[in-house]
Chemist: 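Please see the structure below; I have some questions.
Side-chain atoms are counted along with the backbone in the values below, which use heavy atoms only and exclude waters and symmetry mates.
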Amino acid sequence: MPNILIVEDDMALNNGIVLTLKQDNFVFMQALTVKQAKEQLDTNQVDLIILDINLPDGNGCDLCQDIRKTSAVPIIFLTANDMELDVVTGLGLGGDDYITKPFSLMILRARVSTILRRAVKSLADKVVIDDFVFDFENMKFYKNKNEIVLSKTEQRLLKVLIMNKGIVLSRANLVDKIWTEDSEYVDENALSVTISRLRNKLEEYPSKPQYIQMVYGLGYTWAVEQDKHN
């Protein structure tokens, strides 16, 4: 279920948004200030942020700018500022949508559904995790802003692991997903070699991997506990 962070200092409106979206089986986190929002982002995985601009201890635009340094999580601005310049500024800082007050809660619900569908679709193309940026569409991969060169096989392995993070995939399953059907024969060591090469390129300590972990007797997984603001 998607996790939605609502950053809105009007508690009645904050609760109203929860009640409106509750029927869609979302998980909600509520914040009234920038400080509370940052605390939620530091401790929870968030799939969508509904963000007011005028907050008691800061500006939502500034918070959005900070979030965009490490995360591509979708952000819907929610504000009474309906000037064209405000809209352009909010979207220019990385906002995905902009809704002005007063507004229909049902329209907000429709916008949230649209943004989440779009996010799921784009998830396979670009992923930001910790110090990594994996841009599968353009085949560009970065660690600490330094580009990493991956072979096509390493890219396929990485994508399968990322798209199934937290799920243990058997060796047979990985081989089926990574090597194309027209490959008549795949050496039994091919997966082990590809895992080793990918760890050497991504892991700080390849012999003690934090991300690409083996679950003895079962297979491999991308460890979800390492993800932040995904």
Chemist: Is it the case that the side chain of Asn200 and the backbone of Ser196 share a donor-acceptor pair, with hydrogens and angles ignored and the cut-off at 3.5 Å?
Modeler: yes
Chemist: Is there side-chain contact between Leu63 and Lys38, with heavy atoms separated by less than 4.5 Å?
Modeler: yes
Chemist: Working to the nearest 0.5 angstrom, can you tell me the gap between Ser151 OG and Arg197 CZ?
Modeler: 7.0 Å
Chemist: Sub-3.5 Å donor-acceptor pair from the side chain of Asp57 to the main-chain atoms of Lys35, do we have one?
Modeler: yes
Chemist: Output yes when a side-chain donor or acceptor of Glu203 lies under 3.5 Å from a complementary backbone atom of Gln210, and no otherwise.
Modeler: yes
Chemist: With the side chain counted from C-beta on, respond yes when Leu78 and Leu51 share a heavy-atom pair under 4.5 Å apart, and no when they do not.
Modeler: no
Chemist: Does atom CG of Leu19 have more than 12 heavy-atom neighbours, drawn from other residues, nucleotides or ligands, at distances under 6.0 Å?
Modeler: yes
Chemist: Indicate yes or no: at least one non-hydrogen side-chain atom of Met11 is less than 4.5 angstrom from one of Gln30.
Modeler: yes
Chemist: How far apart are the closest heavy atoms of Val46 and Ile49, and which atoms are they?
Modeler: CG1-CG1, 3.7 Å
Chemist: Say you draw a straight line from CG of Leu21 to CD1 of Ile6; how long is it, rounded to the nearest 0.5 Å?
Modeler: 6.0 Å
Chemist: Taking the side chain as every heavy atom from C-beta outward, state whether Arg171 and Ser192 have any atom pair closer than 4.5 Å.
Modeler: yes
Chemist: Got a second to check how far Phe134's CZ is from Leu161's CG, nearest 0.5 Å?
Modeler: 10.0 Å
Chemist: Write down the atom of Asp47, the atom of Gln45, and the distance for their closest heavy-atom approach.
Modeler: OD1-NE2, 3.4 Å
Chemist: May I ask you to establish whether Lys159 and Phe136 are in a cation-pi arrangement, using a distance under 6.0 Å from NZ or CZ to the six-membered ring centre and at most 45° from the ring axis?
Modeler: yes
Chemist: Hey, does the side chain of Thr221 reach the backbone of Ile167 with a donor-acceptor pair shorter than 3.5 angstrom?
Modeler: yes
Chemist: Identify the heavy atoms of Leu5 and Ala31 that sit nearest to each other, and give their distance.
Modeler: CD1-CB, 4.3 Å
Chemist: Hey, any chance Met163 and Leu202 share a hydrophobic cluster, counting ILVMFWY side chains that come within less than 4.5 Å of each other, even indirectly?
Modeler: yes
Chemist: How far apart are the C-alpha atoms of Glu204 and Arg199, what are their side-chain angles, what is the distance that settles it, and do they pass the salt bridge (Lys or Arg N to Asp or Glu O under 4.0 Å) test?
Modeler: CA-CA 8 Å; Glu204 192 71 23; Arg199 280 174 171 168; over 6 Å; no
Chemist: Say whether Leu91 and Val7 are linked into one hydrophobic cluster, either directly or through other cluster members, by side-chain heavy-atom distances under 4.5 angstrom.
Modeler: yes
Chemist: Answer with yes or no whether the hydrophobic clustering places Ile76 together with Leu105; edges join I, L, V, M, F, W, Y residues whose side-chain heavy atoms lie under 4.5 Å apart.
Modeler: yes
Chemist: State, yes or no, whether a side-chain contact exists between Ile115 and Pro74 at a heavy-atom distance under 4.5 Å.
Modeler: yes
Chemist: Using only atom types and a distance under 3.5 Å, with no angle test, would you say the side chain of Gln65 pairs donor to acceptor with the backbone of Cys61?
Modeler: no
Chemist: If you take all heavy atoms of Ile212 and Pro209, which pair is closest and at what distance?
Modeler: O-CB, 3.3 Å
Chemist: Within a strict 4.5 Å, meaning less than it, do heavy atoms of the Val160 and Leu174 side chains meet?
Modeler: yes
Chemist: Would you find a donor on one side and an acceptor on the other, under 3.5 Å apart, between the side chain of Asp10 and the backbone of Leu13?
Modeler: yes
Chemist: Is Lys201 salt-bridged to Glu154, cutoff N-O under 4.0 Å?
Modeler: yes
Chemist: Identify whether Ile67 and Leu93 are in the same connected component of the hydrophobic contact network (ILVMFWY, side-chain heavy atoms under 4.5 Å).
Modeler: no
Chemist: Under a 3.5 Å cutoff, is there a donor and acceptor pairing between the side chains of Asn173 and Asp176?
Modeler: no
Chemist: Roughly how far, to the nearest 0.5 Å, is the CE atom of Met29 from the CG atom of Leu41?
Modeler: 8.0 Å
Chemist: Taking all non-hydrogen atoms of both residues, which atom of Trp179 and which atom of Ala190 are closest, and how far apart?
Modeler: CZ2-CB, 3.6 Å
Chemist: Check whether Val215 and Leu198 end up in the same hydrophobic cluster, where Ile, Leu, Val, Met, Phe, Trp and Tyr are linked by side-chain heavy atoms less than 4.5 Å apart.
Modeler: no
Chemist: Are any non-hydrogen side-chain atoms of Val127 and Ile162 less than 4.5 angstrom apart?
Modeler: yes
Chemist: Give, for atom CD1 of Ile99 and atom CG of Leu108, the distance between the pair rounded to the nearest 0.5 Å.
Modeler: 4.5 Å
Chemist: Could you go step by step and tell me if Lys177 and Arg156 meet the side-chain contact (heavy atoms from CB on, under 4.5 Å) rule?
Modeler: CA-CA 8 Å; Lys177 290 177 179 293; Arg156 287 195 291 269; over 6 Å; no
Chemist: In chain order, what residues pass the side chain to side chain contact (heavy atoms under 4.5 Å, CB included) check against Arg68, with sequence neighbours excluded?
Modeler: Cys64, Val73, Ile75, Asp96
Chemist: Would you say the side chain of Val149 lies within less than 4.5 Å of the side chain of Phe141, judging by non-hydrogen atoms?
Modeler: no
Chemist: Got a donor-acceptor contact below 3.5 angstrom from the Asn144 side chain to the Asn146 backbone?
Modeler: no
Chemist: Take Leu55 and Asn59 through the test side-chain contact (heavy atoms from CB on, under 4.5 Å) and record every step on the way to the result.
Modeler: CA-CA 6 Å; Leu55 295 164; Asn59 186 286; over 6 Å; no
Chemist: One pair to check against side-chain contact (heavy atoms from CB on, under 4.5 Å): Phe26 and Asn3. What are the steps and the verdict?
Modeler: CA-CA 6 Å; Phe26 298 129; Asn3 297 325; over 6 Å; no
Chemist: With a 3.5 Å distance limit and no angle check, can you tell me whether Asp131 reaches the backbone of Lys143 through a side-chain donor-acceptor pair?
Modeler: no
Chemist: Should the pair Trp222 and Tyr211 be assigned to parallel (<30°), tilted (30 to 60°) or perpendicular (>60°) ring geometry?
Modeler: tilted
Chemist: Take Asp52 and Lys101, measure what side-chain contact (heavy atoms from CB on, under 4.5 Å) needs, and give me the verdict at the end.
Modeler: CA-CA 10 Å; Asp52 189 16; Lys101 303 174 184 177; 3.6 Å; yes
Chemist: Determine the minimum heavy-atom distance between Pro56 and Thr33, stating which atoms define it.
Modeler: CG-CG2, 4.4 Å
Chemist: Return the CG to CD1 distance between Leu157 and Ile195, rounded to the nearest 0.5 Å.
Modeler: 4.5 Å
